[in-house]
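Right, one structure below, let's go through it.
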Amino acid sequence: MSDRLSEPLAELLDHLNGIGYEELYLPGAGVPDPHARGPAGTPATDAADSEERAVALGELATEASECAACRLSEGRKQVVFGSGNPDADLMLVGEGPGAEEDRRGLPFVGPAGELLTKILRAIDLERDEVYIANVVKCRPPSNRDPERDEIAACRGYLERQIELVRPRVIVALGRVAAQALFGTTEALGRLRGRWHTVRGVPARATYHPAALLRYSKYKRPTWEDMQEVRDRLRGGE
Ligand code: SF4
């Protein structure tokens, strides 16, 4: 195990202990590139462009808040559209809101969200620097997986979020998100460990933080995935 690995692992373990997981041991589609910022961009035009995209993202969130395009609208308390930096280099995509997210209107809150924050810090990112969304914006009942038609109904929002945020890298968190983003039924174990492309954006898959809380064996591969993401972001590709 490299030195680079040990410190973030220790931090994650400390974090898990801090939130009550003392018993847990965690070992170590053919569209133009939407993240191209344009060769003629000056600081002023870039800022105006960012502002316009942030406004458009807000308008899309407002539109989604009334959405009843699938049956998930029936049981939700509120739509959990997404959160974070509308001009982020890194976009994280999860499966769908859970009970706490549905109550608070934000993605990745609660223990899994706290762990996600620690994972991001391990690659030198604060949570408010990234953008976080889910493949479905409304909570599936009893936390079941979203169904294929629900994911399809919600896909337009996610695609628009990707177009507006223009991340340089996307990370799919968990099997459902990875399969939905990459348009496949392949197992997560076969999807992670290599780069994919989502609407022109390089994308990786890794384990969902909730799975990390339950299964210690996922910690090392998750860290390896996030190192790849960090290196890609630092590489400025
Ligand atoms: S999950 Fe998506 S498509 Fe379905 S009601 Fe909610 S916002 Fe609309």
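Keep in mind it's a predicted model, so treat the numbers as computed, not measured. If you read the sequence from its start, that first residue is 1, and numbering goes on from there. When a ligand or atom number is given, it counts from 1 through the structure's own listing order.
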Can I get a per-line list of side-chain donor-acceptor pairs under 3.5 Å for residues 56-66, giving both atom names and the distance, sequence neighbours left out?
from, atom 1, to, atom 2, distance (Å)
Thr62, OG1, Gly58, O, 3.0
Ser65, OG, Thr62, O, 2.5

Margin query: ring pair (Phe, Tyr, Trp, His ring centres under 6.0 Å) for Phe108 and His208? Distances and angles first, verdict last.
Written below: CA-CA 10 Å; Phe108 284 93; His208 193 285; 5.1 Å; yes
Notebook entry, point to check: For ligand 1, which part of Arg76 has a heavy atom less than 4.0 Å away: the side chain, the backbone, both, or neither?
Noted result: side chain
Checklist line | Nearest-0.5 Å distance that lies between atom CE in Met226 and atom CG in Leu125 | finding: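 The CG atom of Leu125 is 7.5 Å from CE of Met226, to the nearest 0.5 Å.
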Checklist line | Spacing of Leu233 atom CG and Glu228 atom CD [to the nearest 0.5 Å] | finding: 11.5 Å
Next item on the list: Using 2.8 Å as the cut-off, count the protein N, O or S atoms closer than that to atom 8 (Fe) of ligand 1.
Entry: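 Counting protein N, O and S atoms closer than 2.8 Å to atom 8 (Fe) of ligand 1 gives 1.
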Notebook entry, point to check: Could you give all pairs that pass the salt bridge (charged side-chain N to carboxylate O under 4.0 Å, His left out) test and reach residues 125-143, with sequence neighbours left out?
Noted result: Arg121-Glu126
Next item on the list: Scan residues 177-187 for pairs that pass salt bridge (charged side-chain N to carboxylate O under 4.0 Å, His left out), counting only residues two or more places apart or in two chains.
Entry: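 Applying salt bridge (charged side-chain N to carboxylate O under 4.0 Å, His left out) to every pair that reaches into residues 177-187, excluding sequence neighbours, yields Glu186-Arg190, Glu186-Arg194.
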